[in-house]
Amino acid sequence: MYWIRETNSPLPGVNVIEVGTSNGVSTDFDGKFSITTTKTIATLAVSYVGFLTKEFEINGDTNLDNITLASNQVGLEEIMIVASVAVDRKTPVAVSTIKAADISLKLSTQEFPEILKSTPGVYVTRAGGGYGDSRINLRGFSSENVAVMINGVPVNDMENGRVYWSNWAGLGDVTSRMQVQRGLGASKVAVASVGGTINIITKTTDAEQGGNVSTSIANDGYLKYGMTYSTGLSDNGFAATVSASKISGDGYVDGTEFSGYNYFVSLSQQLNEAHRLSFTAFGAQQEHGQRFNRGTIAELKDTDSGPKKANRDWGYKNGEVYHQSYNFYHKPQMSLNHLWNINDNSALSTAVYASFGSGGGRRDEGAKIGSDDYRIGQTGLQPIDFDRVVAENQANGVNGSSDIISSSRNSHKWYGVLSTYKNDVTDAVTISGGLDARYYVGSHWYEVDDLLGGQYFLDNETNTFAYGKALTVGDRYNKDYDGIVLRSGLFAQAEFQVSESFNLFVATDVSNTNYKKEEFMSSDITGSRTSEAVDFIGYGIKGGGNYNIDAVNNVFANVGYFSRAPFLIGVFLDEDTPEANEEAENEKVFSVELGYGFREEKLSANVNIYYTQWLDKTNSGQLVRVITYFSITY
């Protein structure tokens with residue numbers, strides 16, 4: 001019997017082959033295996049996707065106890081410390097892990113979130129069907145209450161908690177594994193989530209030299225091509241990996257053409273035996289047509305395309321496809337990681353990161369665009385006749401445009417540091433803790449994009465600086481403000497292996513969230529346009545235990561309570577004023593869960609019973625005192 005581990009975690013599904021034969025086995029969910037060799041003296045080869053193959057010789061009845069596989073990626077260790085990946089049958093949470101091989105096999109031309117379709121408790125939909133418009137609900141909770149992290153770095157919008165998957169359209173190319181923790185998970189960040197945690201671990205720097213070129217095609221004009229190259233690990237400890245791809249297509253739904261490019265860079269330098277630096281940058285610039293406005297079943301049927309493909313948000317201008325609803329965004333993220341192996345039992349991993357998002361969503365102003373009277377053929381949801389709108393705007397002359405295309409712009413600057421200290425105090429006790437600090441400025445405004453043949457546009461919002469002015473392309477109107485968020489917190493966690501079968505963990509956190517707002521568009525404000533700073537102290541505690549009944553059965557339980565700051569929309573209720581809501585207060589959640597797991601080589605099953613009570617919940621500025629969720633999943 002042998003036990004294969006990935007650092008200190010059991011690794012299931014590892015291939016073990018007797019060299020020179022077809023004799024082989026795979027490890028079980030606890031990383032264990034046994035093999036009867038054809039020779040007394042034999043060589044075993046141990047291989048697994050994402051790890052370097054290891055060979056060793058055995059002689060007779062040999063027990064090597066633990067075998068540790070080395071990752072084939074340089075810089076993965078520090079990311080794993082920060083990311084706090086849960087271990088099945090050890091960490092007492094409901095967890096599902098998707099490996100790189102599964103992502104490569106199953107994702108194909110699907111959007112990245114769709115790889116989670118078969119994960120218990122996860123609901124994935126493509127929403128309107130546009131590229132990148134997918135959404136995820138975890139245990140019934142939308143993205144506002146699901147923590148999404150990439151390499152341990154949180155990516156939920158700091159103003160409203162949402163996750164826009166179109167910003168991460170290229171993640172499927174560079175993900176090495178993806179883990180979903182349902183409920184109150186074990187992630188090391190200072191602000192807990194209600195529904196669960198989605199933790200995405202990207203590739204780092206390949207330890208071996210090599211590369212590849214790939215291309216794929218599919219229906220509706222889908223075309224993707226790209227390349228990856230790695231230098232391998234040099235004698236002086238340097239390694240680099242770069243990846244890039246281009247994607248385009250017509251979209252299955254009418255008017256959802258898309259294009260974009262994805263890129264990934266990872267650099268790693270081993271400074272000495274104790275210190276290593278790694279730099280990672282990735283992003284996905286994309287633009288795509290959307291199906292934003294809804295239609296009735298009767299309207300959708302009354303089209304040439306039929307109800308599945310019909311879309312009311314596009315048409316033709318100058319003989320080319322033109323979109324009423326259109327999304328464009330680019331959100332590069334970069335991080336510098338430092339790993340300090342203090343000694344054999346302790347390490348400090350620190351990630352300094354930054355993100356700069358820019359883009360928006362196209363919308364229209366006026367009553368003509370999208371109405372039945374301005375469609376080609378003037379029946380049902382046929383394409384919009386933009387040429388007719390252009391002709392009428394040109395005829396208006398000095399009276400300006402009655403209808404225009406504009407966009408709701410959203411950009412941000414986000415800086416943060418996430419530092420985690422981990423210490424294996426004994427073989428049975430591990431403690432960890434650290435700092436989670438973030439600074440965020442989100443800018444939001446409306447901008448004129450296309451006058452559609454007219455000379456200018458007059459905004460009808462009487463209480464704005466844009467009212468009465470002849471607006472041209474690039475001018476701002478309607479709204480213009482910044483939301484500013486400063487959050488800092490501390491977290492700590494202790495894990496106890498009471499016995500080979502029984503594990504416990506307890507975690508706590510405390511944080512302060514500081515909100516401010518700056519308003520630039522409203523003409524009603526006479527004093528300062530910068531709000532007073534509003535602070536919210538949050539805290540949380542959670543704990544649980546897992547017991548492995550035998551090699552295939554386990555049970556676990558966890559309980560938690562936390563108090564967190566409301567989102568910005570609950571603090572500043574009106575976009576046009578910097579006045580804060582004096583009644584805003586922390587949202588409070590209590591949750592308890594019981595779970596059972598069954599694991600065999602060809603069959604696995606989970607049953608979870610959980611109870612979540614939302615004691616205080618901000619809903620559009622109103623405080624709802626009690627909301628209760630109760631469910632059984634399997």
Side-chain angles (χ1 to χ4, degrees), residues 126-133 166 219-222 248-260 286-329 359-397 399-409 446-459 471-474 477-478:
R126 298 198 66 177
Y131 175 73
D133 287 341
S166 58
N219 58 288
D220 298 297
Y222 180 96
S248 62
D250 299 330
Y252 176 76
V253 175
D254 290 344
T256 56
E257 293 82 2
F258 61 90
S259 66
Q286 61 81 32
E287 51 189 28
H288 68 279
Q290 293 182 295
R291 181 163 57 178
F292 183 78
N293 293 294
R294 300 177 180 177
T296 66
I297 295 177
E299 289 174 329
L300 294 173
K301 286 182 176 180
D302 189 21
T303 63
D304 295 335
S305 300
K308 292 184 179 180
K309 290 191 173 187
N311 180 12
R312 66 187 311 155
D313 297 332
W314 73 287
Y316 290 99
K317 178 186 174 187
N318 294 329
E320 297 182 355
V321 172
Y322 194 77
H323 301 87
Q324 174 190 5
S325 296
Y326 194 73
N327 180 270
F328 52 97
Y329 216 82
R362 180 184 293 176
R363 301 294 179 257
D364 65 286
E365 295 283 356
K368 298 177 181 178
I369 300 174
S371 68
D372 289 345
D373 293 335
Y374 285 80
R375 295 189 178 275
I376 298 174
Q378 298 186 9
T379 58
L381 297 184
Q382 303 299 333
I384 300 169
D385 189 352
F386 285 101
D387 290 332
R388 181 181 172 189
V389 178
V390 169
E392 293 181 2
N393 281 340
Q394 290 174 339
N396 285 339
N399 293 320
S401 297
S402 64
D403 289 66
I404 65 168
I405 292 294
S406 62
S407 59
S408 176
R409 299 293 181 106
Y446 268 78
E447 182 175 309
V448 178
D449 285 349
D450 189 344
L451 292 171
L452 294 177
Q455 299 180 18
Y456 62 87
F457 174 72
L458 293 177
D459 182 29
L471 302 177
T472 58
V473 173
Y477 74 103
N478 187 275

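Every value quoted in this text rests on a predicted model; they were computed, and no experiment measured them. Hydrogens, waters and symmetry mates are skipped; everything else that's a heavy atom, side chains included, is used.
When the ring pair (Phe, Tyr, Trp, His ring centres under 6.0 Å) test is applied to F457, no partner is found at least two apart in sequence or on another chain. F292 pairs by the side chain to side chain contact (heavy atoms under 4.5 Å, CB included) definition with D313, S325, R363, not counting sequence neighbours. In this view, E365 satisfies the salt bridge (charged side-chain N to carboxylate O under 4.0 Å, His left out) rule with no residue, not counting sequence neighbours. By the side chain to side chain donor-acceptor pair (under 3.5 Å) test, Q290 is found to be paired with D133, residues two or more places apart in sequence or in another chain being considered. Applying the salt bridge (charged side-chain N to carboxylate O under 4.0 Å, His left out) criterion to R126, with sequence neighbours excluded, gives E111, E114. Remark: D403 engages K368, I369, V389 in a side chain to side chain contact (heavy atoms under 4.5 Å, CB included) (not counting sequence neighbours). Legend: residues meeting side chain to side chain donor-acceptor pair (under 3.5 Å) with Y222, ordered by chain and number and at least two apart, are absent. Shown here are the side chain to side chain donor-acceptor pair (under 3.5 Å) partners of T472, two or more places apart in sequence or in another chain: D475. The side chain to side chain contact (heavy atoms under 4.5 Å, CB included) test applied to R291 returns V253, N311, not counting sequence neighbours. Partners of Y252 by ring pair (Phe, Tyr, Trp, His ring centres under 6.0 Å), not counting sequence neighbours: none found. Here D385 pairs with nothing under the side chain to side chain donor-acceptor pair (under 3.5 Å) rule; sequence neighbours left out. The side chain to side chain contact (heavy atoms under 4.5 Å, CB included) check on R409 picks up F328, S407, W445, E447, D449, with sequence neighbours excluded.
Rounding to the nearest 0.5 Å places NE2 of H323 at 10.0 Å from CD1 of I384. Considering CG of D372 and CD of Q382, their distance stands at 10.5 Å, rounded to 0.5 Å. Between the CZ atom of F386 and the CD1 atom of I376 there is a distance of 9.5 Å, given to the nearest 0.5 Å. From R375, atom CZ reaches atom OH of Y316 across 13.0 Å, with rounding to the nearest 0.5 Å.
Between S166 and Y131 the shortest side-chain heavy-atom distance does not fall below 4.5 Å. Taking the side chain as every heavy atom from C-beta outward, L451 and S401 approach each other to under 4.5 Å. Under the 4.5 Å side-chain criterion, counting only non-hydrogen atoms from C-beta, D450 is not in contact with V473.
For the residue pair Q455 and N396, no side-chain donor N or O sits within less than 3.5 Å of a side-chain acceptor on the partner. Donor-acceptor pairing under 3.5 Å is lacking for the side chains of D459 and Y446.
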